[in-house]
Amino acid sequence: MNVETIREYCLSLPLVTEDMAFGEDHLLFRVCNKIFACIGLMHSDYFVVKTDPDYAIDLRDRYSEITPAWHWNKKYWNQLSLEGYLTDDLIKSLIRHSYAEVVKKLPLRIKKEFPQILEIQ
């Protein structure tokens, strides 16, 4: 997958916005103003997603292209190398997982107001 395909996929999810709050090199994807993914634009060979802590460890053990994310809480954030052998389907699955991880921690009032965010698994 390339940067543009990842961007398009992230933006296809309900209520996703993008911004560059960390500077012009990092494109952030948010749902209800909470970050669920980040891609570096100057070094677009990696992509960062939020992951359940146990699943994060499992993924790191199974795929050499998945490592703890640099400058992020390594318990929750994984860095995916886009230069390796990760399939597009796996990357999309991890994007959806990241989105769902963020959504499940949103306040109930937001989930009730925007029920479409609960449909992503």
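Here the structure is a predicted model, which means the values were calculated and not measured.
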query: More than 12 heavy atoms of other residues, nucleotides or ligands under 6.0 Å from CZ of Arg62: is that the case?
result: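 Counting neighbours around CZ of Arg62, more than 12 heavy atoms of other residues, nucleotides or ligands fall under 6.0 Å, so yes.
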- prompt: Considering residues, nucleotides and ligands other than Gln116, do more than 12 of their heavy atoms fall under 6.0 Å from its CD?
  reply: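 More than 12 heavy atoms, drawn from other residues, nucleotides or ligands, come within 6.0 Å of this atom.
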Non-hydrogen atoms of [X] and [Y] that approach each other most closely:
X: Ala37; Y: Trp77; result: N-CZ3, 4.3 Å
X: Val48; Y: Ala69; result: CG1-CB, 3.8 Å
X: Ala56; Y: Lys75; result: CB-O, 4.1 Å
X: Val31; Y: Pro14; result: CG2-O, 3.9 Å
X: His26; Y: Gly40; result: CD2-CA, 4.2 Å

Atom [atom1] in [X], atom [atom2] in [Y]: separation rounded to 0.5 Å?
X: Asn78; Y: Thr51; atom1: CG; atom2: OG1; result: 4.0 Å
X: Lys50; Y: Cys38; atom1: NZ; atom2: SG; result: 14.0 Å
X: Gln79; Y: Arg60; atom1: CD; atom2: CZ; result: 10.5 Å
X: Asp52; Y: Lys104; atom1: CG; atom2: NZ; result: 5.5 Å
X: Lys111; Y: Cys32; atom1: NZ; atom2: SG; result: 10.5 Å
X: Thr17; Y: Lys34; atom1: OG1; atom2: NZ; result: 12.0 Å

Are [X] and [Y] connected in the hydrophobic side-chain network, where two residues link if heavy atoms are under 4.5 Å apart?
X: Leu11; Y: Ile35; answer: no
X: Leu27; Y: Leu82; answer: yes
X: Tyr46; Y: Phe22; answer: yes
X: Phe36; Y: Tyr9; answer: yes
X: Leu41; Y: Leu80; answer: yes

Is a side-chain donor or acceptor of [X] paired with a backbone partner of [Y] at a separation under 3.5 angstrom?
X: His97; Y: Val49; value: no
X: Asp45; Y: Glu83; value: no
X: Asp88; Y: Met1; value: yes

- request: Name all residues meeting the salt bridge (charged side-chain N to carboxylate O under 4.0 Å, His left out) criterion together with Glu65; count only those two or more places apart in sequence or in a different chain, and write none if there are none.
  value: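 Checked Glu65 against salt bridge (charged side-chain N to carboxylate O under 4.0 Å, His left out); zero matches.
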field: Heavy-atom check, side chain of Phe29 versus side chain of Val102, under 4.5 Å
entry: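 A side-chain contact under 4.5 Å is absent here.
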Any side-chain heavy-atom pair of Ser98 and Phe47 under 4.5 Å: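 With C-beta onward as the side chain, the pair stays apart.
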- prompt: For Leu94 and Leu59, what are the C-alpha separation, side-chain angles and deciding distance, and is it a side-chain contact (heavy atoms from CB on, under 4.5 Å)?
  reply: CA-CA 10 Å; Leu94 294 173; Leu59 288 166; 3.5 Å; yes
